[in-house]
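Notes to accompany the following structure.
Basis for what follows: all heavy atoms, side chains included, without hydrogens, waters or symmetry-related copies. Quantities reported herein were computed from a predicted structural model and do not represent experimental measurements. Both ligands and their constituent atoms are indexed starting at 1 by order of listing.
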Amino acid sequence: MLTIERELRQSKEFLMEHDHFLVVSHVQPDGDAVSSTLAVGWLLSCLGKKYVMVNEGPIPKRMGYLWQAEQIRDLSAEPLDRKFDHVICVDCADFKRVGKTKEFFAEGARLLNIDHHPTNDRYGAVNLVVPTAAATAEILFELILYMGLELNEPVATAIYTGLLTDTGGFRYSNTSPKVMAAASKLLEYGVDGPGLSELLLEQMTLPQLRLLTRALNGLQLSEDGKISWVAVSDDDLLATGAVHEDMEGIVNYPRNIQGVEVGLLFKVIDEHAVKVSMRSAGKVDVALVAQSFGGGGHVRAAGARIEGTLDSIVPRVLEQVRLQL
Ligand code: 5GP
Ligand code: MN
């Protein structure tokens with residue numbers, strides 16, 4: 001039996017056999033993480049199961065239009081009042097990515113790991129890991145169909161959102177025929193494709209634009225022109241009135257410069273840690289670079305959280321990128 005079929009069957013069994021699930025996605029959730037959380041919630045509600053959706057922090061305001069988005073509990077605002085024996089992790093390449101939500105996993109909790117990162121280390125008791133999928137939302141589309149459920153517009157909108165954001169608007173190399181076929185079916189359920197593109201990929205808030213301008217002012221280029229990077233700190237957020245989610249997308253600018261192979265964004269978390277986002281034009285496998293720092297991701301988009309100061313981390317990351325060039 002094909003791996004994917006076996007994993008779909010085992011996932012279905014996991015969902016059918018248990019009740020009262022915790023559904024979690026990765027820290028600082030992106031469009032795919034939020035959409036996948038909600039698609040699992042929708043699936044569980046169809047099965048008549050109880051579930052709680054949670055993230056370590058708030059979900060991006062921009063995603064507030066999604067069905068039940070307000071139901072995703074923000075642990076930074078309020079803790080949960082119980083622990084869970086059955087947990088569904090979506091879009092988390094490794095266990096660390098669940099962040100503080102793990103405090104609400106009961107001891108010996110059984111995990112269903114649904115993800116599309118090639119670096120996923122299969123930390124679940126049951127794993128539905130499909131590295132060829134463009135987004136975790138694409139896997140959930142498949143799981144929903146496999147379980148014989150009929151989609152509706154709200155869940156179609158969630159899945160479309162995950163596909164749209166993880167493919168950069170159906171432009172990145174992960175935009176497979178399968179993605180386009182799925183998008184086509186989702187549009188038939190009444191998804192507002194152009195409206196979502198406008199909201200998620202085009203529109204910017206003024207603080208977001210100011211943050212981008214400020215970040216690009218400090219853009220750096222290596223001598224050979226192959227690596228370009230920018231850094232953003234809390235001071236930049238304060239000065240521009242921008243919020244954390246406004247940093248998303250900045251990393252594309254250094255990467256888009258002609259001749260640049262790797263674009264980097266260093267987000268200073270505090271005096272002790274930096275989050276680095278990496279984007280590749282195709283030659284360099286940035287997932288490998290990220291893994292060397294304990295992170296992960298995809299060949300062309302990866303990230304890691306690195307302990308240390310910005311000044312010490314930048315040269316270390318540049319060195320690892322150069323080794324891959
Ligand atoms: P971003 O740079 O947009 O945060 O993430 C790019 C890709 O790398 C995403 O697929 C994301 O899930 C993955 N990624 C980002 N940070 C980490 C990390 O700290 N660990 C792992 N394993 N993957 C990460
Ligand atoms: Mn994803």
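- Residues H20 and H86 place their aromatic rings such that the two centres sit no closer than 6.0 Å.
- Evaluated by nearest non-hydrogen atom to atom 11 (C) of ligand 1, the leading choice among H116, R97, K267, K96 is R97.
- Among all protein heavy atoms, the one lying closest to atom 8 (O) of ligand 1 is A302 CA, 3.2 Å.
- Residue H117 places at least one N or O, backbone or side chain, under 3.5 Å from an N or O of ligand 1.
- Taking the six-membered ring for Trp and the full ring otherwise, the centers of F141 and Y146 sit at least 6.0 Å from each other.
- Residue side and main chain included, H117 places no N/O/S atom under 2.8 Å of the Mn ion (ligand 2).
- The 12-atom threshold is exceeded at CE of M204, counting heavy atoms of other residues, nucleotides or ligands nearer than 6.0 Å.
- Among all protein heavy atoms, the one lying closest to atom 18 (C) of ligand 1 is G303 O, 3.4 Å.
- Each of R322, R300, K283 was scored for a salt bridge (charged side-chain N to carboxylate O under 4.0 Å, His left out) with E261, with one residue passing: K283.
- Looking at atom 21 (C) of ligand 1, its nearest protein heavy atom turns out to be G296 N, 3.2 Å.
- Counting backbone and side-chain atoms alike, D91 contributes an N/O/S atom closer than 2.8 Å to the Mn ion (ligand 2).
- Open room surrounds NZ on K226; 12 or fewer heavy atoms of other groups in view lie less than 6.0 Å from it.
- Where the criterion is an N or O separation shorter than 3.5 Å, residue side chain and backbone included, G294 fails it with respect to ligand 1.
- For atom 6 (C) of ligand 1, the nearest non-hydrogen atom of the protein is R279 NH1, 3.6 Å.
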Exercise for review: Check step by step if side chain to side chain contact (heavy atoms under 4.5 Å, CB included) holds for V90 and D32.
Suggested key: CA-CA 9 Å; V90 292; D32 191 28; over 6 Å; no

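- Ligand 1 has no atom lying under 4.0 Å from any heavy atom of E248.
- Residue-level proximity to ligand 1 for A304 is carried by the backbone, the only part with a heavy atom below 4.0 angstrom.
- Counting heavy atoms from C-beta on, the side chains of N113 and N120 come closer than 4.5 Å.
- Between F95 and F105, the ring-plane angle classifies as perpendicular under the 30° and 60° cut-offs.
- Atom 7 (C) of ligand 1 has A301 O, 3.5 Å as its closest protein atom, hydrogens excluded (heavy atom only).
- The 12-atom threshold is not exceeded at CZ of R210, counting heavy atoms of other residues, nucleotides or ligands nearer than 6.0 Å.
- Closest N/O/S atom of D166 to the Mn ion (ligand 2): OD2.
- Within 6.0 Å of OH on Y253 lie no more than 12 heavy atoms contributed by other residues, nucleotides or ligands.
- The nearest heavy-atom contact from the protein to atom 4 (O) of ligand 1 is K275 NZ, 3.0 Å.
- In summary, D32 places an N/O/S atom under 2.8 Å from the Mn ion (ligand 2), meeting the contact criterion.
- Closest protein heavy atom to atom 2 (O) of ligand 1: S277 OG, 2.6 Å.
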Review point. Are I313 and R316 close enough, and set up right, to give a side chain to side chain contact (heavy atoms under 4.5 Å, CB included), and what steps lead you there?
Key: CA-CA 5 Å; I313 288 167; R316 282 171 56 206; 4.2 Å; yes

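- Each of the atoms 10 (O) of ligand 1 lies under 4.0 Å from some heavy atom of H298.
- Ligand 1 has D94 within reach: a non-hydrogen atom of the residue lies less than 4.0 Å from it.
- No heavy atom of Q28 sits closer than 4.0 Å to any atom of ligand 1.
- For the pair R82 and F84, the distance from NZ or CZ to the six-membered ring centre is under 6.0 Å and the angle to the ring normal is within 45 degrees.
- Set against the non-hydrogen atoms of A93, the atoms of ligand 1 under 4.0 Å away are 22 (N).
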